[in-house]
Structures are given as C-alpha cells and as structure tokens.
Amino acid sequence: MDTKMLMIQPVVALVIWSLVMWAWMYVTRLPAIAAAKMPMDPNAPAGDQMSKLPAKVRWKADNYNHLMEQPTIFYAIALSLAVIGDSATINILAAWTYVALRILHSLIQALGNKIELRFFVFLLSNIPLILLTFNGARTVFSIG
C-alpha cells in the first residue's frame, strides 16, 4: 500500500468517528427533546434550550463539538505530511495514536464525563499531535 494512503487512513478514521458521535448525539438528543416537550425557539440565545436537556444527553453534543475543534489541526498536519511524502512509520503511529486517544476521550465524555480523566487523555493526545507538527516542520523547513 502507498505510504501516503497509510498517513491518510487515520484522518478518514477520525472523520468516521466524528460522524458516529454526530449520530449518537442525535439518537440521544431528539428523544430527550421530545420527552421534555421542548418547543424549538429560534429567538432563544445559542445553547440556552439545549442546556435544559439532561447532562448525559449534552455530553454527546459537547464531545461532537470538541471533535470539530482541535482535530482540525490534526487533519491539517496529517494531510500535509501525506502530501509532502513524509509518511514515516513514526508519523503513521503518531497519527493512529492521536485518533485512538480522541476516541477514548469521546467515550469518557459521552459515557460518564469524568473530567479529570478526560483532561488527562486530552493532554496525552497532544503528544502525538506535537510530534506530527514537529516532523512536518522539520521536513518543510529543512530543519535537522
């Protein structure tokens, strides 16, 4: 298999996971809205209505939002590494590690939201992200 493809696989995997979280969000949110008989008010401040839903429902939406934030950096650096042809084994392993940690982060948040553990996993996920960025910068800027 082309090494560029090996670098793109974790990107696609995280997109798939993001869509799983999107579906999980709606599978829990829509019944909760119906059970609460919550009318949709277009004039309500952003987030006001959803804040009235049970925490276990909101955690899925919160995590989906998190998957739209920091992972954008992952997508950019992983795709950059694939384009420039820097699909070294360490980068592929770092990319998969990042994806695994983000999935773990999602499960922690969506199932029980133990904040200390979730934050620790988030911190750990930055290590492979920083490694990918360092390796990309080293290649692009011909450092070391």
Side-chain angles (χ1 to χ4, degrees), residues 1-140:
M1 178 178 285
D2 180 8
T3 57
K4 288 182 182 182
M5 209 54 85
L6 293 174
M7 195 66 218
I8 292 173
Q9 286 176 339
V11 171
V12 174
L14 191 54
V15 170
I16 291 168
W17 179 253
S18 296
L19 292 173
V20 167
M21 286 305 304
W22 172 82
W24 194 2
M25 172 182 67
Y26 279 106
V27 164
T28 56
R29 180 183 273 184
L30 294 177
I33 290 171
K37 296 180 170 74
M38 184 184 300
M40 295 293 99
D41 180 1
N43 297 313
D48 185 56
Q49 288 184 298
M50 296 304 119
S51 69
K52 295 177 178 127
L53 295 175
K56 289 184 179 194
V57 172
R58 291 192 320 267
W59 295 337
K60 281 82 171 165
D62 292 344
N63 188 264
Y64 177 73
N65 289 335
H66 292 161
L67 288 168
M68 299 301 113
E69 294 168 349
Q70 191 199 47
T72 59
I73 298 169
F74 168 74
Y75 296 134
I77 193 61
L79 291 173
S80 295
L81 288 165
V83 167
I84 63 177
D86 190 354
S87 298
T89 302
I90 189 70
N91 290 335
I92 294 165
L93 289 173
W96 279 113
T97 300
Y98 180 79
V99 170
L101 288 168
R102 289 309 304 211
I103 291 171
L104 179 59
H105 178 273
S106 292
L107 293 172
I108 291 167
Q109 185 167 22
L111 296 173
N113 203 25
K114 178 79 172 156
I115 294 171
E116 298 84 359
L117 180 58
R118 192 181 94 212
F119 183 67
F120 178 70
V121 171
F122 173 76
L123 285 177
L124 283 180
S125 74
N126 283 278
I127 296 169
L129 187 58
I130 290 166
L131 176 64
L132 290 167
T133 303
F134 174 80
N135 288 343
R138 193 187 70 214
T139 300
V140 170

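Residue indices begin at 1 and follow the sequence shown. For the numbers below, each heavy atom of this structure counts, side chains included, while hydrogens, waters and symmetry mates do not. Since this is a predicted model, take the numbers as computed values, not measurements.
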Exercise. Drop me the distance from Phe74's CZ to Asn126's CG, to the nearest 0.5 angstrom.
Key: 13.0 Å
Quiz item: So how far is it from Lys56 NZ to Asn113 CG, rounded to the nearest 0.5 Å?
Solution: 11.0 Å
Quiz item: If you take all heavy atoms of Leu6 and Trp96, which pair is closest and at what distance?
Solution: O-NE1, 4.3 Å
Quiz item: Just wondering, do Tyr26 and Lys60 contact through their side chains at under 4.5 Å, heavy atoms?
Solution: no
Quiz item: How far apart are the closest heavy atoms of Asp41 and Gln49, and which atoms are they?
Solution: N-NE2, 2.9 Å
Practice problem: Please report the closest heavy-atom contact between Ser18 and Tyr75, naming both atoms and the distance. | Solution: OG-OH, 3.8 Å
Quiz item: So which heavy atom on Ala82 is nearest to which on Ser87, and how close?
Solution: CA-OG, 4.1 Å
Quiz item: Ile8 pairs by side-chain contact (heavy atoms from CB on, under 4.5 Å) with which of Leu79, Val83, Asp2, Leu81?
Solution: Leu79
Quiz item: So, the side chain of Asn91 versus the backbone of Asp86: is there a donor-acceptor pair under 3.5 Å, distance only?
Solution: yes
Quiz item: Would you find more than 12 non-hydrogen atoms of other residues, nucleotides or ligands less than 6.0 Å from Trp22 atom CH2?
Solution: no
Quiz prompt | Over 12 non-hydrogen atoms of neighbours within 6.0 angstrom of CE in Met5 | solution = no
Quiz item: What distance do Thr133 atom OG1 and Ile73 atom CD1 have between them, rounded to the nearest 0.5 Å?
Solution: 7.5 Å
Quiz item: Rounded to the nearest 0.5 Å, how far apart are CD1 of Ile77 and OG1 of Thr72?
Solution: 12.0 Å
Quiz item: Any donor-acceptor pair under 3.5 Å linking the side chain of Gln109 with the backbone of Arg118?
Solution: no
Self-check item: Distance in Å, Ile127 CD1 paired with Leu131 CG, rounded so as to fall on 0.5 Å steps
Solution: 10.0 Å
Self-check item: Parallel, tilted or perpendicular, as decided by the 30° and 60° cut-offs, for the rings of Phe122 and His105
Solution: tilted
Quiz item: Any side-chain heavy-atom pair from Met38 and Leu53 closer than 4.5 angstrom?
Solution: yes
Self-check item: CG-CZ distance between Leu129 and Arg102, expressed to the nearest 0.5 angstrom
Solution: 9.5 Å
Exercise. Would you mind reporting whether Asn65 and Met25 have side-chain heavy atoms less than 4.5 Å apart?
Key: no
Quiz item: Taking all non-hydrogen atoms of both residues, which atom of Leu67 and which atom of Trp17 are closest, and how far apart?
Solution: CD1-CD1, 3.9 Å
Quiz item: Of the non-hydrogen atoms in Lys4 and Gly85, which two are nearest, and what is the gap between them?
Solution: CE-CA, 4.3 Å
Practice problem: For Phe120, look at atom CZ and say whether over 12 heavy atoms of other residues, nucleotides or ligands are found less than 6.0 Å away. | Solution: no
Quiz prompt | Heavy-atom donor-acceptor pair, Arg58 side chain to Met50 backbone, under 3.5 Å | solution = no
